[in-house]
A.B. asks: 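Have a look at this one before I ask anything.
Note: hydrogens, waters and symmetry copies are ignored here, and every other heavy atom, side chains too, is used. Sequence positions, counted from 1, serve as the residue numbers for this chain. Because the structure is a prediction, the values reported are computed rather than measured.
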Amino acid sequence: MSKVWFVTGSSRGLGRHFVEAALSRGDQVAAAARDTASLDELVTAYGDAVLPLELDVTDKAAVFASVRRAREHFGRLDVIVNNAGYAQIGAVEELTEQDLRDQLETNLFGAVWVVQAALPHLREQRSGHIIQLSSAAGVIAMPLGGAYHASKWALEGLNEALAGEVADFGVKVTIIEPGGFATRAGKNPDPLANGHMARPDPAYDALRRRLGAVAGNQPAGDPAAAAQALLALADTDDPPLRVLFGQGFYPMIQQAYADRLKTWADWQDLSAQAHGKLDR
């Protein structure tokens, strides 16, 4: 049975590949983008199977209207892909308040509005799959990515909580954590590459040079292959809560979690001290 998709950030990058893969196998897609002109080729190729929606996910009212229109147009919604987002780059000290607010408005709040708009329809159907694009940067952190990491780590916790809340309604949740992919936005596999840059403070120039010397050493993934993996994920009866897309960051993530567990174990005496003694 074909599926109906609602995909944000459909104009380029992984989102565009996701939309094209779904359409090419006969599914129907509500493709949301800031500029629907970027979707004209898809409309020409697939006709009524694609519904182009002009959408800025930071506009809550527009998100609700777009989801409602997609539901009315296709009659149901099967897969919700929260893909829209960008990376704000800069040391924490360099970030302006607006830098941080803009990052969270798009990456975090935009995703929340989509979920809140879609859930009443999915609950009514007693089915559906919410897929959240996080990042390898949602489970490990690197210097100069504080704002981006904050948004993605927040999405990780939010969607884990969501999964427990909607399971009884037959709704599934999966968090995808991609590494770097060779999309049209750029071939640098660094998940923080091609982002918005904060105004640089010279105090961090040396750090930028060191990171620049090693950035891009991870192999870039094939976005077309990622799109096929997404289709397989959407077709799975029992999808995982989390899944990595790409291989490059897996060893780094393994080491990060091993180090975290070791640190907690090494400091158990202090943890016990902090607990104190309770009167019985």
Side-chain angles (χ1 to χ4, degrees), residues 8-9 12-15 57-58 81-112 131-160 175-221 223 226 242-261 263:
T8 65
R12 59 190 179 88
L14 286 177
V57 295
T58 66
V81 182
N82 256 329
N83 171 70
Y86 71 94
Q88 173 66 55
I89 312 303
V92 171
E93 187 179 359
E94 294 173 333
L95 298 172
T96 66
E97 180 179 346
Q98 199 60 52
D99 287 338
L100 186 55
R101 288 186 181 277
D102 288 347
Q103 179 76 112
L104 296 177
E105 285 288 346
T106 297
N107 290 14
L108 176 60
F109 284 94
V112 172
I131 297 177
Q132 174 62 58
L133 267 290
S134 177
S135 170
V139 289
I140 56 176
M142 294 173 284
L144 306 183
Y148 184 61
H149 291 304
S151 70
K152 293 300 187 181
W153 284 48
L155 283 172
E156 293 271 341
L158 183 105
N159 280 274
E160 184 168 339
I175 306 164
I176 295 177
E177 296 151 341
F181 280 84
T183 62
R184 191 173 68 182
K187 294 187 177 182
N188 190 336
D190 180 354
L192 299 183
N194 305 301
H196 294 210
M197 302 296 296
R199 179 176 295 179
D201 183 328
Y204 296 95
D205 285 350
L207 174 61
R208 265 184 285 273
R209 287 193 295 271
R210 289 200 303 274
L211 292 177
V214 299
N217 290 337
Q218 297 294 331
R242 287 181 172 85
V243 61
L244 294 170
F245 268 23
Q247 296 274 325
F249 283 86
Y250 186 44
M252 295 172 61
I253 292 170
Q254 284 183 303
Q255 187 60 56
Y257 273 79
D259 291 346
R260 198 170 299 175
L261 289 169
T263 298

A.B. asks: So, Ser134 versus Glu156: side-chain donor-acceptor pair below 3.5 Å or not?
C.D. replies: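 Side chains of Ser134 and Glu156: pair found under 3.5 Å.
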A.B. asks: For Thr8, which residues count as a side chain to side chain donor-acceptor pair (under 3.5 Å) partner, sequence neighbours excluded?
C.D. replies: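 With sequence neighbours excluded, Thr8 shows a side chain to side chain donor-acceptor pair (under 3.5 Å) to no residue whatsoever.
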A.B. asks: Report the residues that fulfil side-chain contact (heavy atoms from CB on, under 4.5 Å) with Leu100, sequence neighbours left out, ordered by chain and then residue number.
C.D. replies: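 Counting only residues at least two positions away or on another chain, Leu100 forms a side-chain contact (heavy atoms from CB on, under 4.5 Å) with Leu104, Ala147.
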A.B. asks: Keeping the roles fixed (side chain from Gln88, backbone from Gln103), state whether a donor-acceptor pair exists under 3.5 Å.
C.D. replies: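 No: the side chain of Gln88 does not pair with the backbone of Gln103.
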A.B. asks: Apply the test side-chain contact (heavy atoms from CB on, under 4.5 Å) to residues Ile176 and Ile131: give CA-CA distance (whole Å), side-chain angles for both, the deciding distance (0.1 Å), then the verdict.
C.D. replies: CA-CA 7 Å; Ile176 295 177; Ile131 297 177; 3.4 Å; yes
A.B. asks: With sequence neighbours left out, write down each residue that passes side-chain contact (heavy atoms from CB on, under 4.5 Å) with Asp201, or none if nothing qualifies.
C.D. replies: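 Applying side-chain contact (heavy atoms from CB on, under 4.5 Å) to Asp201 gives Glu93, Glu94, Ala203, Tyr204.
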A.B. asks: Give me the atom names and distance for the closest heavy-atom approach of Ala91 to Leu144.
C.D. replies: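 Answer, listing the atom of Ala91 first, then Leu144: N-CD2, 3.6 Å.
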A.B. asks: Who are the side-chain contact (heavy atoms from CB on, under 4.5 Å) partners of Arg199, not counting sequence neighbours?
C.D. replies: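 Arg199 satisfies side-chain contact (heavy atoms from CB on, under 4.5 Å) with no other residue.
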A.B. asks: Would you name the heavy atoms of Gly179 and Ala136 that are closest together and state the gap between them?
C.D. replies: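 Closest approach of Gly179 to Ala136, heavy atoms only: CA-CB, 4.3 Å.
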A.B. asks: Would you please name every residue forming a side-chain contact (heavy atoms from CB on, under 4.5 Å) with Ala141, sequence neighbours left out?
C.D. replies: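 So Ala141 forms a side-chain contact (heavy atoms from CB on, under 4.5 Å) with His149, Trp153.
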A.B. asks: Applying side chain to side chain donor-acceptor pair (under 3.5 Å), can you list everything that pairs with Asn159, at least two apart in sequence or on another chain?
C.D. replies: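 Checked Asn159 against side chain to side chain donor-acceptor pair (under 3.5 Å); zero matches.
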A.B. asks: For Ala87 and Tyr148, which heavy atoms make the closest approach, and how far apart are they?
C.D. replies: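 Scanning both residues completely, I find the closest heavy atoms to be CA-CD1, 3.5 Å.
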A.B. asks: Where do Thr106 and Tyr86 land on the side-chain contact (heavy atoms from CB on, under 4.5 Å) test, with the steps shown first?
C.D. replies: CA-CA 8 Å; Thr106 297; Tyr86 71 94; 3.7 Å; yes
A.B. asks: Are the side chain of Glu177 and the backbone N or O of Gly246 linked by a donor-acceptor pair below 3.5 Å?
C.D. replies: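 No; zero donor-acceptor contacts below 3.5 Å.
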A.B. asks: Looking only at heavy atoms, which two atoms of Ala256 and Ile140 are closest? And how far apart?
C.D. replies: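 That closest heavy-atom pairing would be CB-CG2, 3.5 Å.
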A.B. asks: Of all residues at least two apart in sequence or in a different chain, which pass the side chain to side chain donor-acceptor pair (under 3.5 Å) check with Asn83?
C.D. replies: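 Side chain to side chain donor-acceptor pair (under 3.5 Å) list for Asn83, sorted by chain: empty.
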A.B. asks: Would you name the heavy atoms of Val92 and Gly146 that are closest together and state the gap between them?
C.D. replies: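 Looks like CG2-CA, 4.4 Å.
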A.B. asks: Going by salt bridge (Lys or Arg N to Asp or Glu O under 4.0 Å), name the pairs with one or both residues in residues 143-152, residues two or more places apart or in two chains.
C.D. replies: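 Matches after skipping sequence neighbours: none remain.
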A.B. asks: In chain order, what residues pass the side chain to side chain donor-acceptor pair (under 3.5 Å) check against Arg260, with sequence neighbours excluded?
C.D. replies: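 None.
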A.B. asks: Can you list the residues that meet the salt bridge (Lys or Arg N to Asp or Glu O under 4.0 Å) rule with Arg210, with sequence neighbours excluded?
C.D. replies: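 None.
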A.B. asks: Please list all pairs passing the salt bridge (Lys or Arg N to Asp or Glu O under 4.0 Å) test where one or both residues lie in residues 249-259, with sequence neighbours left out.
C.D. replies: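 Listed once each, the pairs would be none.
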A.B. asks: Output, in order, the C-alpha distance, side-chain angles, deciding distance and verdict of side-chain contact (heavy atoms from CB on, under 4.5 Å) for Phe245 and Leu133.
C.D. replies: CA-CA 10 Å; Phe245 268 23; Leu133 267 290; 6.0 Å; no
A.B. asks: Say you draw a straight line from CG of Leu211 to CE of Met142; how long is it, rounded to the nearest 0.5 Å?
C.D. replies: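 Result: 8.5 Å between the selected atoms.
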A.B. asks: Should we say atom CD of Gln254 is surrounded by more than 12 heavy atoms from elsewhere, each under 6.0 Å from it?
C.D. replies: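 Yes - once you tally the heavy atoms of other residues, nucleotides and ligands closer than 6.0 Å, there are more than 12.
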A.B. asks: Hey, what do you get for CG (Leu108) to OG1 (Thr58), rounding to the nearest 0.5 Å?
C.D. replies: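 Rounded to the nearest 0.5 Å, the CG-OG1 separation comes to 12.5 Å.
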A.B. asks: Return the set of residues passing ring pair (Phe, Tyr, Trp, His ring centres under 6.0 Å) with Phe109 (not counting sequence neighbours), or none when no residue passes.
C.D. replies: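 Here the qualifying residues are Trp113.
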A.B. asks: So, taking the atom named CD1 in Ile175 and the one named OG in Ser135, what distance separates them when rounded to the nearest 0.5 Å?
C.D. replies: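 Answer for the CD1-OG pair, Ile175 versus Ser135, is 12.5 Å.
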A.B. asks: Where is the tightest heavy-atom contact between Gly110 and Asn82, given as atom of each residue plus distance?
C.D. replies: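 Between these two residues, the closest heavy atoms are O-OD1, 4.5 Å.
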